[in-house]
2 protein chains.
Amino acid sequence: MQQVTFNVENARVQMRKGLLEFPILLILAEGEMYASDILRKLKAADLIIVEGTLYPLLSRLRKNGLVEYEWKESKSGPPRKYYTLTKVGERVLDELLETWTILSSSINTLKKAYEKSS
Amino acid sequence: MQQVTFNVENARVQMRKGLLEFPILLILAEGEMYASDILRKLKAADLIIVEGTLYPLLSRLRKNGLVEYEWKESKSGPPRKYYTLTKVGERVLDELLETWTILSSSINTLKKAYEKSS
DNA sequence: ACTAGGTACCTTGCTTTGCAAGGTACCTGT
DNA sequence: ACAGGTACCTTGCAAAGCAAGGTACCTAGT
């Protein structure tokens with residue numbers, strides 16, 4: 001019996017801390033990608049992240065059962081690990097979307113109060 | 001000659017990581033507050049933070065010259081440290097406001113792409 | 001065949017930082 | 001004088017982003 005444990009409360013904490021797993025899950029929701037694809041997409045969205053961060057992060061997501069991968073050959077170069085979201089990953093993504101909504105509205109509330117007062 | 005160094009680039013990294021200094025600066029922009037005031041305001045905005053985080057954070061902000069404090073007596077209980085933003089703090093806050101705008105629009109772009117595809 | 005260069009994946013060590021837990025000191029009311 | 005509330009702070013731990021460095025594969029040119 002394999003138990004998939006993913007503590008959503010902890011993920012909320014991590015979002016405040018890292019705010020990186022969320023965009024990566026969002027990107028993977030579009031379809032299978034390998035590391036360079038993800039880096040490209042994040043860069044295009046102005047979110048900077050480097051290899052040394054991404055690889056451990058993908059491993060972490062895999063250990064938690066949010067993503068899985070498949071080796072695929074490349075036409076030019078070494079084989080690639082193509083990642084996809086699992087069902088659990090999709091559920092977590094939905095939670096994180098909600099968390100993001102709450103977080104950004106919290107901050108925007110504070111922001112509006114500031115703009116009004118200045 | 002005392003040099004006030006506050007690396008805005010580093011602050012951007014920290015925002016992605018912690019996302020706590022920013023709301024605290026926003027709250028202090030409203031006027032002088034002591035720790036409990038700040039905790040109350042953060043809680044009201046659904047941003048959870050505890051004493052053990054806040055005190056070191058305020059010290060850090062003070063060391064970096066973003067805030068300063070003044071002791072004031074309380075009508076009931078021990079004296080309080082009332083914090084206010086410095087000029088530097090105000091400038092940094094403006095930077096962080098911009099960073100927040102960029103960050104949230106990045107994520108919202110990814111979010112919209114996801115919503116469209118699902 | 002060999003080697004140079006590009007691509008892809010991964011690890012190690014460091015630093016920062018949020019947090020839980022615990023601690024000190026002050027002030028007030030009984 | 002002491003109990004309870006308020007306020008400030010510190011210590012030790014764990015998580016995670018990052019810089020830097022490393023391994024392996026594949027292709028193309030010699």
Side-chain angles (χ1 to χ4, degrees), chain A residues 5-25 32-40 42-43 47-64 66-83 96 103, chain B residues 5-25 32-40 42-43 47-64 66-83 99 103:
Chain A
T5 42
F6 189 86
N7 185 339
V8 174
E9 196 44 47
N10 185 59
R12 296 211 155 112
V13 173
Q14 296 319 317
M15 173 184 264
R16 285 208 321 257
K17 223 191 232 175
L19 207 63
L20 276 179
E21 298 187 356
F22 174 43
I24 286 167
L25 292 180
E32 64 173 19
M33 316 239 171
Y34 76 111
S36 293
D37 287 334
I38 298 173
L39 287 172
R40 224 183 337 266
L42 285 169
K43 200 170 183 181
L47 292 167
I48 301 147
I49 182 179
V50 295
E51 276 197 329
T53 300
L54 182 60
Y55 283 108
L57 202 158
L58 286 171
S59 293
R60 214 158 62 231
L61 292 175
R62 199 194 55 77
K63 269 188 207 130
N64 288 327
L66 309 201
V67 304
E68 58 194 3
Y69 66 80
E70 207 177 332
W71 283 102
K72 294 210 179 179
E73 288 182 2
S74 163
K75 283 181 183 171
S76 62
R80 300 165 177 175
K81 270 188 177 176
Y82 278 87
Y83 284 88
L96 293 183
L103 175 65
Chain B
T5 40
F6 190 85
N7 184 339
V8 174
E9 195 45 46
N10 186 59
R12 296 210 155 113
V13 173
Q14 296 319 317
M15 171 185 265
R16 283 208 323 257
K17 225 191 232 173
L19 205 62
L20 277 179
E21 297 187 357
F22 174 43
I24 286 168
L25 292 180
E32 65 173 19
M33 316 240 171
Y34 76 112
S36 294
D37 287 335
I38 298 174
L39 288 173
R40 223 180 341 264
L42 286 170
K43 200 170 183 181
L47 292 168
I48 301 148
I49 182 178
V50 295
E51 275 196 331
T53 302
L54 182 59
Y55 283 108
L57 202 158
L58 286 171
S59 294
R60 215 160 59 231
L61 291 174
R62 199 195 55 78
K63 269 188 207 130
N64 288 325
L66 309 201
V67 303
E68 59 195 3
Y69 67 81
E70 206 177 334
W71 284 101
K72 295 210 178 178
E73 288 182 2
S74 162
K75 284 181 182 171
S76 62
R80 300 166 176 174
K81 270 188 177 176
Y82 277 88
Y83 284 88
T99 302
L103 175 64

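Quick note on labels: first sequence line is chain A, next is B, and so on, each numbered from 1. Note that this is a predicted model, so its numbers are computed, not measured.
Both B/Tyr69 and A/Arg60 sit near DNA chain D, but only B/Tyr69 has its closest nucleotide nearer the 5' end. For the pair A/Ser59 and A/Ser76, both in contact range of DNA chain C, the more 5′-proximal nearest nucleotide belongs to A/Ser76. Each of B/Ser36 and B/Thr53 was matched to the nucleotide of DNA chain D holding its nearest heavy atom; the match closer to the 5' end belongs to B/Ser36. Nearest-nucleotide assignment on DNA chain C puts the 5′-proximal partner with A/Pro79, out of A/Pro79 and B/Gly77.
The nearest whole Å value for the distance from the NZ atom in B/Lys81 to the C1' atom in D/dC9 is 8 Å. B/Leu58 places its CG atom 14 Å from the P atom of D/dA7, with the value rounded to the nearest Å. Computed from coordinates, the B/Leu19 CG to C/dG18 P distance equals 10 Å when rounded to whole Å. When the P atom of D/dT27 is taken as reference, atom CD of A/Glu73 falls 9 Å away, rounded to whole Å. Whole-Å rounding puts the B/Arg80 CZ to D/dT6 P distance at 10 Å. Taking atom OH of A/Tyr55 as the reference point, atom P of C/dC9 lies 4 Å away to the nearest angstrom. One can place OH of A/Tyr34 at 13 Å from C1' of D/dC26, the figure rounded to the nearest angstrom. Atom CG of B/Leu57 and atom C1' of C/dT16 are 12 Å apart (whole Å).
Separating the OH atom in B/Tyr69 from the OG atom in B/Ser59 is a distance of 8.0 Å, to the nearest 0.5 Å. A/Leu57 CG to A/Ile24 CD1: the interatomic distance, rounded to the nearest 0.5 Å, is 4.5 Å.
Residues B/Asp37 and B/Tyr82 form a side-chain contact, since some pair of their non-hydrogen atoms from C-beta on lies under 4.5 Å apart.
Comparing C/dC9, D/dA19, C/dC19 by their closest approach to the side chain of A/Trp71 singles out C/dC9.
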Could you walk me through whether A/Val67 and A/Leu25 pass the side chain to side chain contact (heavy atoms under 4.5 Å, CB included) check?
-> CA-CA 9 Å; A/Val67 304; A/Leu25 292 180; 4.2 Å; yes
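Residue-level contact check: B/Lys75 touches the backbone only, with heavy atoms under 4.0 Å from sugar-phosphate atoms and none from bases.
What you find for A/Pro56 and A/Glu51 is that their closest heavy atoms are CD-O, 4.1 Å.
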